[in-house]
**Q** 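Right, I'll just put the structure down here and ask away after.
The first residue in the sequence is number 1, and the count goes up from there.
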Amino acid sequence: MRHGEFRDPRLVTVYDAECTWSRDDDYFLAVVGETPARVLDLGCGTGRLTLALAAAGHTVTGVDPAAASLAAARAKPGAERVTWIEGTSARLPARAYDVAVLTSHVAQFLVTDAEWVATLADLRRALVPGGRLVFDARDPADRRWERWNPVESRRRIALPDGGVVRAWTEVTAVTGGVVSFVHHYLLPGGDELLSSATVRFRTEEELRGALRAAGFTVERIHGGWGGEPVGQGDGEFVVQARADGDDLAGGAPDLP
């Protein structure tokens with residue numbers, strides 16, 4: 001199945017068990033928490049960060065195209081505080097949010113230039129002038145995909161009911177910055193489920209250029225969750241940008 005960990009209820013449970021709260025969640029929660037805000041979590045998945053943002057007092061909207069992931073999010077404590085929308089950025093209202101976040105490398109799942117440009121345009125429209133966009137993407141210089149192999153990626157995932165899933169990942173194609181791969185999940189009963197996906201690794205220059213063209217000013221790009229310079233952190237691009245005001249759109253330079 002394509003993106004099975006988001007669309008298959010059995011794998012959604014596995015995803016939740018494997019992807020628990022971590023340093024990246026701390027980072028996004030802290031950045032959004034600098035001021036009370038109307039927050040958009042685009043690609044919210046099963047709502048781990050979304051619910052934490054709502055619990056912190058923000059007005060939060062979680063948007064995701066995967067019905068099974070949203071069903072899991074809606075079933076969690078505190079879900080009633082969040083506005084959940086099944087769909088993509090195309091459904092976003094205009095000037096409705098002070099901050100938009102895309103976490104867990106959601107930006108990389110927008111593989112084509114057309115998808116990425118359209119999503120950035122939707123986000124620019126959905127944010128108030130001066131609103132913040134914060135997201136993460138893996139630095140291609142780190143070559144993370146080389147570790148997505150059956151040896152280095154092999155892992156055991158403990159489920160809430162005591163069962164254990166054995167999982168591993170293998171890359172199936174690398175073309176430029178586009179990487180395709182398959183996750184293998186061996187369930188406790190013996191069934192093996194496959195989940196395929198393709199992601200795009202963009203350079204810092206590509207990210208800056210696309211954001212500038214979409215009407216954003218890049219404020220900073222870190223290389224990790226501790227604010228390290230690019231190339232000295234966790235193999236990440238952690239991007240903070242602002243939507244240009246109407247009088248600045250298209251004309252503001254990136255900041256260093």
Side-chain angles (χ1 to χ4, degrees), residues 1-21 24-25 28-29 32 37-128 131-137 159-160 181 183 185 193-200 214 243:
M1 176 183 288
R2 194 78 171 162
H3 304 304
E5 62 269 27
F6 309 130
R7 296 177 174 174
D8 185 321
R10 295 170 295 177
L11 289 182
V12 167
T13 300
V14 176
Y15 173 87
D16 252 0
E18 180 175 21
C19 300
T20 55
W21 191 271
D24 55 327
D25 298 300
F28 285 107
L29 186 61
V32 175
R38 296 168 297 169
V39 184
L40 166 68
D41 186 357
L42 182 62
C44 64
T46 59
R48 182 181 66 246
L49 179 63
T50 327
L51 293 166
L53 290 166
H58 301 291
T59 301
V60 185
T61 299
V63 179
D64 201 283
S69 292
L70 281 182
R74 289 186 174 112
K76 293 179 178 179
E80 71 283 353
R81 299 173 180 165
V82 176
T83 298
W84 305 100
I85 298 176
E86 182 180 339
T88 68
S89 61
R91 295 196 58 188
L92 299 175
R95 298 195 174 199
Y97 308 104
D98 304 299
V99 185
V101 298
L102 290 77
T103 69
S104 299
H105 309 110
V106 164
Q108 290 188 253
F109 286 89
L110 301 164
V111 175
T112 69
D113 290 339
E115 289 175 306
W116 183 227
V117 168
T119 300
L120 289 177
D122 290 339
L123 288 165
R124 175 64 183 83
R125 173 178 50 81
L127 285 165
V128 299
R132 293 185 293 164
L133 172 62
V134 189
F135 68 92
D136 57 356
L159 300 179
F181 54 91
H183 294 308
Y185 298 96
L193 302 180
L194 305 182
S195 174
S196 64
T198 300
V199 294
R200 174 82 172 268

**Q** Hey, what do you get for OG (S196) to NE2 (H3), rounding to the nearest 0.5 Å?
**A** 7.0 Å
**Q** Under a 3.5 Å cutoff, is there a donor and acceptor pairing between the side chains of D64 and S69?
**A** no
**Q** Using only atom types and a distance under 3.5 Å, with no angle test, would you say the side chain of R91 pairs donor to acceptor with the backbone of E86?
**A** yes
**Q** Could you list the residues that satisfy side chain to side chain donor-acceptor pair (under 3.5 Å) with T59, not counting sequence neighbours?
**A** none
**Q** Are R48 and D41 close enough for a salt bridge, meaning some N to O gap below 4.0 Å?
**A** no
**Q** Short question: side chain of R200, backbone of V111 - any donor-acceptor pair under 3.5 Å?
**A** yes
**Q** As a test of understanding, state which of L42, T88, V106 forms a side chain to side chain contact (heavy atoms under 4.5 Å, CB included) with T119.
**A** L42
**Q** Please report the interatomic distance CG(L49) to OG1(T103), rounded to the nearest 0.5 Å.
**A** 5.5 Å
**Q** Establish, from distance only, whether the side-chain atoms of R81 and T50 form a donor-acceptor pair under 3.5 Å.
**A** no
**Q** Please examine the side chains of T61 and L92, heavy atoms only from C-beta on, and report whether any two atoms are closer than 4.5 Å.
**A** no
**Q** Nearest 0.5 Å please: distance from the CG atom of L70 over to the CZ atom of F6.
**A** 12.0 Å
**Q** Please check this pair: side chain of T13 against backbone of P9, looking for a donor-acceptor N/O pair closer than 3.5 Å.
**A** yes
